[in-house]
Amino acid sequence: MNLSWLLAGLLAFAAILGIVRLLWWQRRATEPARAWRLVLLVLAQPLYALLLYFVLMPPLLPGRTGTMVVLTAGASSPRDTATASGDVLVALPEAPAVAGAERVPDLATALRRHPGAQRLHVSGAGLEARDREAARGHALDFIAAPLPRGVVALALPEPVSAGSAFTVGGRVHGVAGAVVELRDPAGRRLDAATVSARGDFVLGGTVRAPGLVNFRLHVFDRRRTRVEEIDIPVQVIEQPAPRVLVLAGAPNPEWKYLRRWMADAGLEPHVQMQVGAGLQLGDAPLPLNAGTFARFDLVVLDDRAWAALGESSRAALVAALREGLGVLLRVEGPLPESTRRQLREVGMVVSGGAENAEVRLSPAAHGDDDALRARRGAGSRDAPVDADATDVPVLGRRALRNAASDAVALLRDADGVAVADWRAEGRGRIGVWPLTDTHRLVLGGRGDRHAEIWSEAFARLARPRREAAPVIPSEAWVGERARLCGVTGNAQVVAPDGAVASLLPDPASGAASCAGYWPGGRGWHRLRQDGREWAFMVRAADEAPGLRAAAKQAATQRLVGTGAPAGNAVAGPARRGSAWPWWWAWLGFGALLWWFERSRLGRAAAQPA
């Protein structure tokens, strides 16, 4: 039994006693009350008790469904947004000082203080990470503040292997005619581009040695005034080299320079090269069956080697392809109809190829010759780089056309036209390579371009051998919660200064097994787990303000529409009204009842003795 029921019972008992007193008095009175007076006095007892109950326990009022106006960083003074009845105005710690706004440490505290607010009106830069969970389940409007000038979107490269190329994309806001440059840690320009009308850009670079590298992105306006500089973190890893099987129908310069590149790249291919009369060059011949193909990640062969495969070997190759093996077919001459038919069985619908055509590749970097030289590097004593060789030689290719609807470009020319294609077949990938003399790039002093196109082709087609890795943030800032998923109970984060923080997975994240981490310093942080490490970069709190503002706006915008619709907002928790109106009513009724009981209204005249 709660307090309200106990109080109601006591007052009801008191009302009954009052009625009993009136009846006893009526029976013994020398001047008994008339019937109407007695009825009024009897009815007044429970009414008097009821008013006293409402003084002590005011009636419950339904919770209000008002709007909470939430001011965040960069919010302007809202003059007319919090004037409706039931609305409240709160300011988070990052918000500027606004007259009449209640300062709160976080959104969860504001919602606890004002439980009736079911709709949130967020104004400014957006909610911080600490406040987004509290906003879920509420109808939310978001009026975003203008983004600052500079980079507001950035697509960072995934971890790349040494010797590979990488690309960086993004968007610049508020800088008309902006020019962006990518520089290496030594300050040399690797790439440059003028942003599009929408502010988009794509830049590229290369990495040579494993490690953690910070490239630098520079943003200039049309007057070459520097607007912003942003670090571009790139993690260069040592990936296991793909296991490559080379099947060549005959020796030629293309195979020679391709084998030389594979040796320089750390690959150890198994080469079987036919020289005629049943003789082979290269390594000891292997049987071309399912067991052999399962040992390799990529098979590179030319059209003559493909035609020389027997039916059983070709069937084993196709089966291995569908199980994940990569296949790259080099086309050096006209394809017979039997080869075209066999390619159609794996989805490559090729036609033409009887004629040769010319193709010019892009130099792989924008800007002037200095950018190209910085991108190519200084070379070595054994493999010097011709500093003046900046042009890309014209190459030859077979004029093949691929009609497969799901074909993806493996290589494009300087005009962006696809000159080599690949497609997925089962769990593997197969590509057709019609270029016949890429070795001319090496002879023309552009060995760097030769290495880039073959490295990209091998990386795109080879069987992936990646292990499961946790999900770490691509962007993080000092003092802001970073969310790491796929962590275990022994996970730790090592800061640049050597400080170690243990991570505790949140049980509410379920199978994702996510944990929060608040970095305290700028630089590369390492996630250690099960004897392995993964690195991620943390920016300073004031670094890349446009990028951080855009990230907060996007995260807040994703909350719009996730709560209850505004028209169907659930009523807030009930609360008791004010007791003062009931106290005045009880006091006035008590005074009136006191006067009525002592008046002679409705009393019968006394009987003479």
Side-chain angles (χ1 to χ4, degrees), residues 72-76 122-127 140-158 160 165-184 189-206 214-234 361-368 371-372 375 408-418 456 473-477 537 539 542-561:
T72 63
S76 58
V122 180
S123 176
L127 297 175
L140 187 143
D141 294 327
F142 179 41
I143 305 299
L147 291 173
R149 296 176 73 225
V151 178
V152 296
L154 198 61
L156 297 174
E158 296 288 336
V160 296
F166 67 90
T167 58
V168 178
R171 182 164 57 89
V172 176
H173 172 75
V175 184
V179 176
V180 290
E181 293 182 356
L182 181 65
R183 297 178 180 266
D184 64 10
R189 185 173 59 255
L190 297 179
D191 205 352
T194 301
V195 301
S196 67
R198 295 180 59 251
D200 298 329
F201 66 88
V202 177
L203 300 175
T206 57
N214 282 339
F215 289 80
R216 197 76 173 164
L217 178 68
H218 294 250
V219 181
F220 302 90
D221 60 15
R222 58 162 51 99
R223 297 180 180 179
R224 295 297 297 176
T225 302
R226 183 170 298 160
V227 177
E228 190 176 21
E229 293 183 22
I230 297 179
D231 278 340
I232 305 297
V234 179
L361 303 180
S362 66
H366 306 88
D368 52 22
L372 291 174
R375 184 186 180 98
V408 182
L410 187 58
L411 179 66
R412 296 183 183 273
D413 62 13
D415 297 326
V417 179
E456 184 175 354
S474 59
E475 295 286 1
W477 279 268
M537 181 67 179
R539 302 185 186 274
D542 57 350
E543 184 180 356
L547 197 61
R548 187 176 186 182
K552 284 199 297 185
Q553 284 192 8
T556 305
Q557 191 64 40
R558 286 194 292 268
L559 296 174
V560 176

Quiz item: What pair of heavy atoms forms the shortest contact from Pro157 to Val234, and how long is it?
Solution: CG-CG2, 3.9 Å
Practice problem: May I ask you to decide if Lys552's main-chain N or O and Thr556's side chain share a donor-acceptor pair within less than 3.5 Å? | Solution: yes
Quiz item: Looking only at atom types and distance, does a side-chain atom of Glu475 sit under 3.5 Å from a main-chain N or O of Arg539, one as donor and one as acceptor?
Solution: no
Quiz item: Is there a side-chain contact between Phe166 and Leu182, using heavy atoms and a 4.5 Å cut-off?
Solution: yes
Exercise. Drop me the distance from Leu127's CG to Arg558's CZ, to the nearest 0.5 angstrom.
Key: 12.0 Å
Quiz item: Which heavy atom in Gly74 sits nearest to a heavy atom in Ala145, and how many Å separate them?
Solution: O-CB, 3.8 Å
Practice problem: Output yes when Asp221 and Arg223 qualify as a salt bridge under the 4.0 Å nitrogen-oxygen rule, no when they do not. | Solution: no
Exercise. Compare all side-chain heavy atoms of Phe215 with those of Asp191 and state whether any distance is below 4.5 angstrom.
Key: no
Quiz item: If every non-hydrogen atom of Val172 is compared with every non-hydrogen atom of Ala178, which pair is closest and at what distance?
Solution: CG1-CB, 4.2 Å
Quiz item: Considering all heavy atoms of both residues, which atom of Gln557 and which atom of Phe142 are nearest to each other, and what is their separation?
Solution: OE1-CD2, 3.4 Å
Self-check item: Arg189 to Ala192 - nearest heavy-atom pair and separation
Solution: CD-CB, 4.1 Å
Self-check item: Contact summary for Pro148 and Gly546, nearest pair of heavy atoms
Solution: CG-CA, 3.4 Å
Quiz prompt | From Glu228 atom CD to Phe220 atom CZ, the distance as rounded to the nearest 0.5 Å | solution = 12.0 Å
Practice problem: Quick one: do Leu411 and Leu361 satisfy side chain to side chain contact (heavy atoms under 4.5 Å, CB included)? Show the steps, please. | Solution: CA-CA 9 Å; Leu411 179 66; Leu361 303 180; 4.0 Å; yes
Self-check item: Separation between CD of Glu229 and CZ of Arg216, rounded to the nearest 0.5 Å
Solution: 4.5 Å
Quiz item: Got a donor-acceptor contact below 3.5 angstrom from the Asp231 side chain to the Asn214 backbone?
Solution: no
Practice problem: Spell out, as yes or no, whether a donor-acceptor pair under 3.5 Å connects the side chain of Asp415 to the backbone of Val417. | Solution: no
Quiz item: Would Leu154 and Ile232 count as a side chain to side chain contact (heavy atoms under 4.5 Å, CB included) if you check the C-alpha gap in whole Å, the side-chain angles of each, and the deciding distance to 0.1 Å?
Solution: CA-CA 9 Å; Leu154 198 61; Ile232 305 297; 3.7 Å; yes
Quiz item: For the side chain of Thr72 and the backbone of Gly126, is there at least one donor-acceptor N/O pair under 3.5 Å apart?
Solution: yes
Quiz item: Is a side-chain N or O of Arg171 found less than 3.5 angstrom from the main chain of Val152, in a donor-acceptor match?
Solution: no
Quiz prompt | Lys/Arg N to Asp/Glu carboxylate O, Arg224 vs Glu181, below 4.0 Å | solution = yes
